[in-house]
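The figures here come from the full heavy-atom set of this structure, side chains too, leaving out hydrogens, waters and symmetry mates.
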Protein chains: 2
Amino acid sequence: MIKYSSQNRMLVAVDCIIFGFDGTDYKVLLIQRGFAPEKEKWSLMGGFVQEKESLEQAADRVLKQLTGLKNVYLEQLQAFSEPDRDPIERVIAMAYVALIDIHKYEQQINDDFHARWFLLRELPKLIFDHAQMVDTALQRLRYKAAFHPILFELLPEKFTLPQLQAMYEGLYDTKIDKRNFSRKVLSTNLLIKEQEKDKSSSKKGAFYYSIDKEHYKEKFESLLNFVPKTEITALNE
Amino acid sequence: MIKYSSQNRMLVAVDCIIFGFDGTDYKVLLIQRGFAPEKEKWSLMGGFVQEKESLEQAADRVLKQLTGLKNVYLEQLQAFSEPDRDPIERVIAMAYVALIDIHKYEQQINDDFHARWFLLRELPKLIFDHAQMVDTALQRLRYKAAFHPILFELLPEKFTLPQLQAMYEGLYDTKIDKRNFSRKVLSTNLLIKEQEKDKSSSKKGAFYYSIDKEHYKEKFESLLNFVPKTEITALNE
DNA sequence: CCAAAAGTGTTCATTGTACACCCATGA
DNA sequence: TCATGGGTGTACAATGAACACTTTTGG
C-alpha cells in the first residue's frame, strides 16, 4: 500500500473536560490516571485515537467508558500540540468539552477509573497541560453560554427557574435580577411549564419547567441574551 | 526511550483556509497540489506537522511558504478526522483560518506553488474534504466577525468607510444603511481619521481611516455590533 | 404567624433602525 | 453642469435595566 513516505507519524489523543452542575457549584469530573507517567495523579479522561475512528468517535468512546453515558453534549474545543507536552512521547491532544447532568451520571459511576467530581474552584494539580485545558474550556463555556442555550445540558429533564438562574449566576460569578431573568428566559418559548413544583428548596415551591425540544433545536443557533450585558463585556474568543 | 507501546501513530497535517477581500469580493487562495494523490488538483495550502513544531508553528510555516507573509491573522478552526478522508493513508487535519490583506500578498507571490485567488463564490472542485473546510471556515468567519473586529485584517493599513462597509455587506450578503453603519463603527473609537482621501472610486473622494492599535487590542475581546441584528439571527456555533 | 423563597409589572435609559438631503468634484 | 458616490442628523421603536411588593406554606 502506498503511504506518504518520510513523514513523521505521531500519537493523537482526545481529552474530555466534563462539566457538571450540582445546583450550587460547577464541577469537573477527573480520574486518577492508571498508567505511567504520572500514575495516580489526577487527570482529565482521555485516550488515544484508534485507527478506524474519528476524533468525535474517540471522544464519545472515552466518555462512554468513564460515565456510561451516550448522546451527551460534546464539542470540540481545540488542539493542544506543544511538542513536549507529554514527556514520554509526542502526543497531539484534541480537547473536547462535555456537559452532563451530574445526577444522571451518579448512578452509572464507573469505578474502574477512580473518577471523582471536583469543585471547579478547587481542582487538584493536574497532569501535563490539563489545567490549561480546563481553563480554556471554561472560557469557551462562558462565551458560548452567553449566546446559546447550552447550559440546559447540565440540568435534569425538569428544573426550576431559580435553579436555572443559579447556574447562570455561578458561571459568570454575578447576581442577576430574577424578574428580568425570568422574563428573558420565558420570552424565548424554550421552556414548558409543568404542573408540579419542586418543594425541596422552599416552602412555597417552585414550578418545574422542561425544554421544548422543537424550539430548542431551532433556537440553538440563534442568539440569546440571558446574561446582562455588563457581565459579558470581557469575553474572549 | 520509553514510548506508549502498541498505540497507533498517524500523520497530522495543517490546512489553511486563506481569505482575502479585493474591495468587492471575498477570495480564497488555493494551490495546485504538487504531489500524488490528486496531483494538480486545486487544494488548500497545507503540510504535515513536523516532529518539533506545534500545530500553530506548522500553520505559520505553511502560510509563510506560500505567501511570504509572517504575523498574519491565523486561528485554529477545527480538526477534520474522518479515517478515510485521505485515500492514501490516515491523516488528521487541523484546519486554520487566515485573513490577509490581498494587496500585501500580491507583491510576494510564490510561484513554486501555482497559487491563485479564487472568488469564494466560484471555487473549483477541491480535493478531499477541503470544500467542507472552506465552508466551515466561512461560517466561523461570519459568526466571529459579527462580534469582533477581525475583518480589519483583510484591509490595508488605510481604508475608507465605504470599503469597510462593502466588506461587511459582502460577508453577510446584505445591504447596510451607511448612516447607521458609520455611526456604529466610529462610536467604537477603533478608527482614526486620516487627512487624505481615496479618490479611486469617486470624484468627491472618501477619507482614509486607520486602526487605533491600542483600542483594537482592548476592544478585540469585547462585543461589537456592526451587523444589523436582523442579519445575524441565524448564525451557528 | 412568621420566615423564606417564589413570583410578578412598571418606569426609564439605552440602543437600534428607518429614512432623505446636501456636498464635492471630475468629466 | 451634472452625474456619481460621500457624508451627515433626527425621530421612533425595541430592548434592557433598575427596582419592591405580594404570595405561599412548612414549621
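Using the six-membered ring where Trp is involved, A:Phe159 and A:Phe152 have ring planes that are tilted, between 30° and 60° apart. Ring geometry, B:Tyr143 versus A:His148: the interplanar angle falls under 30°, so the pair is classed parallel (tilted spans 30 to 60°). Using the six-membered ring where Trp is involved, A:Tyr26 and A:Phe21 have ring planes that are tilted, between 30° and 60° apart.
Neither side chain, B:Glu157 nor B:Tyr208, offers a donor N or O lying under 3.5 Å from an acceptor on the other.
Contacts between residues 163-171 of chain A and DNA chain C, defined by a heavy-atom separation below 4.0 Å, involve no residue at all.
Taking atom CZ on B:Phe181 and atom P on C:dA18, their separation rounds to 15 Å, with Å as the unit. For B:Lys175 and C:dC19, the NZ to P distance is 16 Å, given to the nearest whole Å. For the pair A:Leu186 CG and C:dA6 C1', the computed distance is 13 Å after rounding to whole Å. Computed from coordinates, the B:Tyr209 OH to D:dG6 C1' distance equals 10 Å when rounded to whole Å. Atom CD1 in B:Ile176 sits roughly 13 Å away from atom P in C:dG16 (whole-Å rounding).
With sequence neighbours left out, A:Arg183 forms a salt bridge (Lys or Arg N to Asp or Glu O under 4.0 Å) with no residue at all. Residues that satisfy the side-chain contact (heavy atoms from CB on, under 4.5 Å) test with B:Lys125, not counting sequence neighbours, are absent from this structure. In this structure A:Glu196 satisfies the side chain to side chain donor-acceptor pair (under 3.5 Å) test together with A:Lys158, sequence neighbours excluded.
Among the atoms of the strands shown, only primed sugar atoms or phosphate atoms (P, OP1, OP2) are found under 4.0 Å from some heavy atom of B:Ser201.
Sequence neighbours left out, the pairs with a member in residues 175-197 of chain B that pass ring-ring contact (aromatic ring centres under 6.0 Å, His included) are B:Tyr168-B:Phe181.
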query: Base, backbone or nothing for each nucleotide of nucleotides 19-27 of chain D, written B, S, -, heavy atoms under 4.0 angstrom, 5' to 3'?
result: BB--BBBB-
